[in-house]
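Proteins get letters first, then strands, A, B, ... in listed order; numbering begins at 1 in each. As a basis for the values below, the full set of heavy atoms in this structure was taken, side chains included, without hydrogen atoms, waters or symmetry mates.
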Number of protein chains: 2
Amino acid sequence: MTANEPQLNIHRQVVDQLGKMIVGGSLVPGDLLSSEEQLAEQLAVSRSALREAMKVLGAKGLIESRQKTGARVRERRFWHQLDAKVLEWRFATMPTKAFVAELIEMREIIEPAAAAAAAKKRDRDQLEAIGTAYQAMADASDRDAWAKADVEFHSAVLNAANNELMSSLFNVVATALHSFFQLSARAAVDFKYSLPQHFNVYDAIRKRSALQARAAMQRLVDDSRRHLRQSGGAAA
Amino acid sequence: MTANEPQLNIHRQVVDQLGKMIVGGSLVPGDLLSSEEQLAEQLAVSRSALREAMKVLGAKGLIESRQKTGARVRERRFWHQLDAKVLEWRFATMPTKAFVAELIEMREIIEPAAAAAAAKKRDRDQLEAIGTAYQAMADASDRDAWAKADVEFHSAVLNAANNELMSSLFNVVATALHSFFQLSARAAVDFKYSLPQHFNVYDAIRKRSALQARAAMQRLVDDSRRHLRQSGGAAA
DNA sequence: CAAATCTATTTGTCCTACAAATAGAAAAGC
DNA sequence: GCTTTTCTATTTGTAGGACAAATAGATTTG
């Protein structure tokens, strides 16, 4: 499968080299790469070829270029993310309902599994982060604060599952769902209805009960779907 | 979130435009794009900018360029795939065990869920495809034939789940696992041990029993993990 | 009819020259 | 002294030209 490529295109080689530097850790998120001119000279390629490689790395989410500043290594969570643009395109071209249904289905699969994994693998700090988010939800006095804490809670759970692949996948799915219909922009009254259920998730993860955590998250997710159904269609 | 971008870089605009043409369906997989020179003229941009856009589309998996032939629209299944390269890089840089564990965990989450979804949503043809793959497994006289049919079986199940997002995710995870340790390169004897379990999956999907399908696939996946554990480490 | 050769087309690479943006320094204004 | 404005140097963005490398398809040769 890889034996039939005698010599890779230069820009691909450059993608590989820079990619290794970035993913491998000799550059860390936030670091600035040398200028295109310097990099081109170091790697002994033309600026054109180098730029093509940089654009590819940008598309992969590894770096971000800005005029005058240069190219910067992006945060890890952007790295192997599904392409939001492609999701958008699909949204524009695919029957809306079917696509949103895919997203919802994925979310319903990932979250309970993540809760179960979190119950097994979470460490003290990760549990605390979930607890903090839960407290923020409990203290929320308006919908915005609630929504923010809610996002925080769920990503804390994902984080506690200690599986970056899962986290980044969830991140994309959740973001897409979020942008399609404003998840929490419904019922102004009783926005805290799911607080007890969130507590169950937290408590199960605290007790390291994978089964309970999965079940609690499952209920949460089921409720959420019911609400999504009610709020109906999506916004472009 | 999108309001602070007064004018997009040209190459990004081109990515958008061509992307829409491809994803939107005015071009279908297999179609040949016009030459770079022509496209550049049509879109009124320089060939440099166009090429950067083309490389990005290539990196996203939408097209594939070859000298003399031109750029061709790739099959859908490549479109919103996670980047296998990044997985490779991570594999090279991350403690092997932890990363493979992530992959295995993802697989164990996706497959049972997919089996359940397939039981609910499969159509006649999709069931037949699973059945055919099962038959091929039953008829397999050597390990290679078995391995091939096995892959076929699992992707048929994923396909029957009717969730492209899920399929493509699984595809990447399975491919990565496959390349890390040769899944079926172990025990030469009794390579068909899991045939009855595969039948259970097929049968549950046939009967449209989501619960049974999930459980059967879960057992399959558990067995598989046990075998992976036995066969130990990974190959670079 | 088959094999070798040629040719025209297309992508790959390199180069030069500016344009556009902007971080940071310098100058101006209060 | 402090803020605001202006300038400047650096970096990416875009354009366009030139040629190299690959190769599908036509042409020639055996």
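- For C/dA23, its base never sits under 3.5 Å from the side chain of A/Thr69 at any donor and acceptor pair.
- In terms of phosphate contacts, B/Ser46 brings no side-chain nitrogen or oxygen within less than 4.0 Å of OP1 or OP2 of D/dT14.
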**Message:** Assess the residue pair A/Glu108 and A/Arg225 against the criterion (salt bridge (Lys or Arg N to Asp or Glu O under 4.0 Å)); give the C-alpha distance rounded to whole Å, side-chain angles, the decisive distance to 0.1 Å, and a yes or no.
**Reply:** CA-CA 9 Å; A/Glu108 291 179 352; A/Arg225 183 186 48 209; 3.0 Å; yes
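- Regarding B/Ile10, its CD1 atom lies at a distance of 14 Å from the C1' atom of D/dG16, rounded to whole Å.
- Both A/Gln67 and A/Ala44 lie near DNA chain C, and the one whose nearest nucleotide falls closer to the 5' end is A/Ala44.
- When each of A/Lys68 and A/Lys55 is assigned the nucleotide of DNA chain D bearing its nearest heavy atom, the one mapping closer to the 5' terminus is A/Lys68.
- A straight line from CD of A/Gln38 to C1' of D/dT10 spans 11 Å, rounded to a whole angstrom.
- A straight line from CD1 of B/Ile63 to P of C/dT11 spans 10 Å, rounded to a whole angstrom.
- Residue order along DNA chain C, read from the 5' end via each residue's closest nucleotide, puts B/Glu37 first among A/Ala49 and B/Glu37.
- Look at CZ on A/Arg51: it is 15 Å from P on D/dG16, rounded to the nearest Å.
- At the heavy-atom level, B/Arg47 lies under 4.0 Å from base atoms of the strands shown.
- Ring-plane geometry between B/His154 and B/His198 is classed as perpendicular, the angle between the planes exceeding 60 degrees on a 0 to 90 degree scale with a lower cut at 30.
- Within the 3.5 Å criterion, the main-chain N or O of B/Leu39 finds no donor-acceptor partner in the side chain of B/Ser34.
- Rounded to an integer number of Å, the gap from NE2 of A/His11 to P of C/dC14 is 12 Å.
- Taking atom CG of residue B/Leu33 and atom C1' of nucleotide C/dT10, one finds them 13 Å apart after rounding to whole Å.
- Each of A/Glu105, A/Met166, A/Met217 was compared with A/Ile110 under the side-chain contact (heavy atoms from CB on, under 4.5 Å) criterion, and only A/Met166 meets it.
- Among the atoms of the strands shown, only primed sugar atoms or phosphate atoms (P, OP1, OP2) are found under 4.0 Å from some heavy atom of A/Arg66.
- In this structure, the CD atom of B/Glu52 is 8 Å from the C1' atom of D/dG13, given to the nearest Å.
- With hydrogens and angles disregarded, no donor-acceptor distance shorter than 3.5 Å links the side chain of B/Glu36 to the backbone of B/Arg51.
- Atom CG in B/Leu43 sits about 14 Å away from atom C1' in D/dT14, given to the nearest Å.
- Using a 4.0 Å heavy-atom distance criterion, A/Ser48 is classed as a base contact.
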